[in-house]
A.B. asks: 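Let me begin by handing over the structure; questions about it come next.
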Protein chains: 2
Amino acid sequence: MSVNERGNSESAARILDVAERLLQLRGFNGFSYADVAAELNVTKASLHYHFSGKAELGEALIKRYARRFAEALAVIEEDTTDAHTKLEAYAALYAEVLRGQRMCLCGMLAAEYQTLPPAMQAAVIQFFDENEAWLERVLERGRAEGTLGFGEPAREAAHLVVSALQGAMLTSRPYGEISRFQTAADVLLSSLARPAAVAQSARGATA
Amino acid sequence: MSVNERGNSESAARILDVAERLLQLRGFNGFSYADVAAELNVTKASLHYHFSGKAELGEALIKRYARRFAEALAVIEEDTTDAHTKLEAYAALYAEVLRGQRMCLCGMLAAEYQTLPPAMQAAVIQFFDENEAWLERVLERGRAEGTLGFGEPAREAAHLVVSALQGAMLTSRPYGEISRFQTAADVLLSSLARPAAVAQSARGATA
DNA sequence: GTCTATAACGAGATAGAC
DNA sequence: GTCTATCTCGTTATAGAC
């Protein structure tokens with residue numbers, strides 16, 4: 001390997017993997033350096049070499065998570081054409097996270113927001129801003145191309161999409177049933193496409 | 001006063017008030033007996049007299065919160081007639097919680113679910129079950145009376161309502177803007193009333 | 001890079017006086 | 001009911017050897 005800087009080594013990546021999973025399962029205040037160290041069969045002191053403190057570890061977790069999420073959005077842009085399919089793919093990202101009982105990393109941190117170090121707070125906000133900006137563009141295009149229909153500004157609809165999907169993860173996880181999430185996501189997406197569906201059912205009703 | 005049993009005294013009520021606020025602000029894993037004691041100018045040992053442990057305190061918090069929420073739902077039943085107005089009143093309950101930067105107590109606990117004692121987990125589930133059952137009845141009646149319109153089973157729409165409102169609280173709180181919550185709630189409710197709105201805009205378009 | 005050892009603090013909890 | 005005192009354990013963090 002060529003890179004051996006603190007926070008960027010392969011050991012650091014393994015630490016982030018374990019810490020990420022624990023954070024999504026139990027929350028930032030629900031796991032400790034000792035938990036991570038035990039799972040990796042190393043000592044706590046070893047973790048401090050890679051991440052000086054829990055706050056720095058937390059920042060690195062959000063930044064990596066946000067980067068991967070942005071990459072997934074770019075893939076959606078490439079692989080799909082119409083906006084409605086993009087929304088389905090977006091919801092599928094959340095469903096994938098929910099498999100393995102995990103909450104969205106930033107959704108979890110949103111709950112614990114008031115207890116987070118300022119740098120982590122700022123990174124959480126940035127994650128949501130980026131998500132809503134991407135969704136706003138997709139929704140706007142969907143309305144222009146006719147695959148989506150809604151009366152509100154795209155900005156406001158985007159906020160509902162993020163809220164509903166994060167909330168569906170939040171409230172489905174205790175039940176351990178992905179179907180609960182999927183149902184809420186399906187109803188949400190159908191409501192954003194509803195005008196067309198209503199027009200269809202209206203045609204069917206009057207036929 | 002006549003009642004002096006442990007967990008039911010006026011002192012216990014003050015403890016619950018403080019603990020409830022801290023839980024909604026910081027999460028169950030984000031506050032301690034020391035925090036509550038300091039705010040009440042008593043010692044930790046005094047708290048243990050009223051609630052033997054943090055798990056028992058947590059159970060009492062959920063039960064009181066769920067009881068008050070159920071009472072608020074009963075008031076909505078009395079004070080409002082049509083289902084759409086009931087939904088607006090339901091969303092207003094959440095908005096009221098959000099004032100003062102608080103998260104829904106059970107929404108917060110849903111995030112921390114995996115770290116909770118079993119009795120608290122069961123109580124959280126019960127809170128959501130009761131909420132969705134109430135919403136399902138309201139939605140069903142709304143469809144029957146014509147103030148609401150949606151294609152899915154009322155049970156599924158109810159799940160979306162809970163998800164979207166909890167998620168709107170979750171994602172709005174970091175921004176400190178109630179308007180973010182209100183916007184998402186408004187878009188959600190308009191989507192449940194949309195068929196009528198569409199019919200109106202269709203009339204307007206063809207007029 | 002990882003270890004041992006330890007510091008420094010906070011958490012939940014209990015015993016027993018008042 | 002509330003207190004003082006204490007216990008035990010977990011958590012974050014650092015120093016310094018290997």
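Being a predicted model, the structure only gives us computed values, none of them experimental. Each chain gets a letter, A, B and so on, in the order the sequences are listed, and its residues count up from 1.
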A.B. asks: When you measure from the side chain of A:Gln121 to the backbone N and O of A:Tyr113, does any donor-acceptor pair fall under 3.5 Å?
C.D. replies: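 Checked: pair present.
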A.B. asks: I'd like to know if B:Arg141 and B:Glu77 make a salt bridge, using a cut-off of under 4.0 Å between side-chain N and carboxylate O.
C.D. replies: yes
A.B. asks: Got a sec? Which of residues 111-121 of chain A come in under 4.0 Å of DNA chain D, heavy atoms?
C.D. replies: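 DNA chain D contact set from residues 111-121 of chain A: none.
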A.B. asks: Does anything in residues 29-43 of chain A reach DNA chain C, meaning a heavy atom under 4.0 Å, and if so which residues?
C.D. replies: A:Asn41, A:Val42, A:Thr43
A.B. asks: Among D:dT2, D:dG1, C:dT2, which nucleotide has an atom closest to any side-chain atom of A:Ser46?
C.D. replies: C:dT2
A.B. asks: Closest approach to the side chain of B:Lys54, judged atom by atom: which nucleotide of C:dA5, D:dA13, C:dG12 is it?
C.D. replies: C:dG12
A.B. asks: Please determine if B:Lys63 and B:Glu59 form a salt bridge, counting it only when a charged side-chain N lies under 4.0 Å from a carboxylate O.
C.D. replies: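 Yes.
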A.B. asks: Looking at A:Arg155 and A:Glu140, does any basic side-chain N land under 4.0 Å from a carboxylate oxygen?
C.D. replies: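 No, no charged N to carboxylate O under 4.0 Å.
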A.B. asks: Salt bridge or not for A:Glu152 and A:Arg143, using N-O below 4.0 Å?
C.D. replies: no
A.B. asks: Of all the choices, C:dG12, C:dC3, D:dA5, which nucleotide is nearest to the side chain of A:Ala45 once you look at every atom?
C.D. replies: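 In terms of side-chain proximity for A:Ala45, the closest of C:dG12, C:dC3, D:dA5 is C:dC3.
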A.B. asks: Are A:Met120 and A:Phe28 side-chain neighbours, meaning at least one heavy-atom pair lies under 4.5 Å?
C.D. replies: yes
A.B. asks: Send over the distance from B:Leu47 CG to C:dG10 C1', rounded to a whole Å.
C.D. replies: 15 Å
A.B. asks: Check whether any side-chain N or O of B:His50 sits under 4.0 Å from OP1 or OP2 of D:dT2, and answer yes or no.
C.D. replies: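 For B:His50, the contact criterion (side-chain N or O under 4.0 Å from OP1 or OP2 of D:dT2) is met.
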A.B. asks: Checking ring-ring contact (aromatic ring centres under 6.0 Å, His included) against A:Trp134, which of A:Phe128, A:Phe69, A:Tyr90 comes through?
C.D. replies: A:Tyr90
A.B. asks: Taking only side-chain nitrogens and oxygens of B:Tyr49, does any of them come within less than 4.0 Å of OP1 or OP2 of D:dT2?
C.D. replies: no
A.B. asks: Write down the distance between CZ (A:Phe28) and P (D:dT11), rounded to a whole number of angstrom.
C.D. replies: 13 Å
A.B. asks: Expressed in angstrom and rounded to an integer, what is the separation of B:Glu56 atom CD from C:dT14 atom C1'?
C.D. replies: 15 Å
A.B. asks: On DNA chain D, does the nearest nucleotide to B:Arg14 precede the nearest nucleotide to B:Lys44 from the 5' side, or the other way round? Give the residue.
C.D. replies: B:Arg14
A.B. asks: Which whole-number value in Å describes the distance from B:Leu22 CG to C:dG12 P?
C.D. replies: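 Interatomic distance, CG of B:Leu22 to P of C:dG12: 12 Å.
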A.B. asks: Take atom CZ of A:Phe51 and atom P of D:dA13, then tell me their distance rounded to the nearest Å.
C.D. replies: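 Going from A:Phe51 (CZ) to D:dA13 (P), I get 14 Å.
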A.B. asks: Is there a side-chain contact (heavy atoms from CB on, under 4.5 Å) between B:His159 and B:Glu156 once you walk through the steps?
C.D. replies: CA-CA 5 Å; B:His159 188 205; B:Glu156 299 182 4; 5.7 Å; no
A.B. asks: To the nearest 0.5 Å, tell me how far B:Glu20 CD sits from B:Leu25 CG.
C.D. replies: 10.5 Å
A.B. asks: Does A:Ser11 have a side-chain nitrogen or oxygen under 4.0 Å from the phosphate oxygens OP1 or OP2 of C:dT2?
C.D. replies: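 Yes, such a contact exists.
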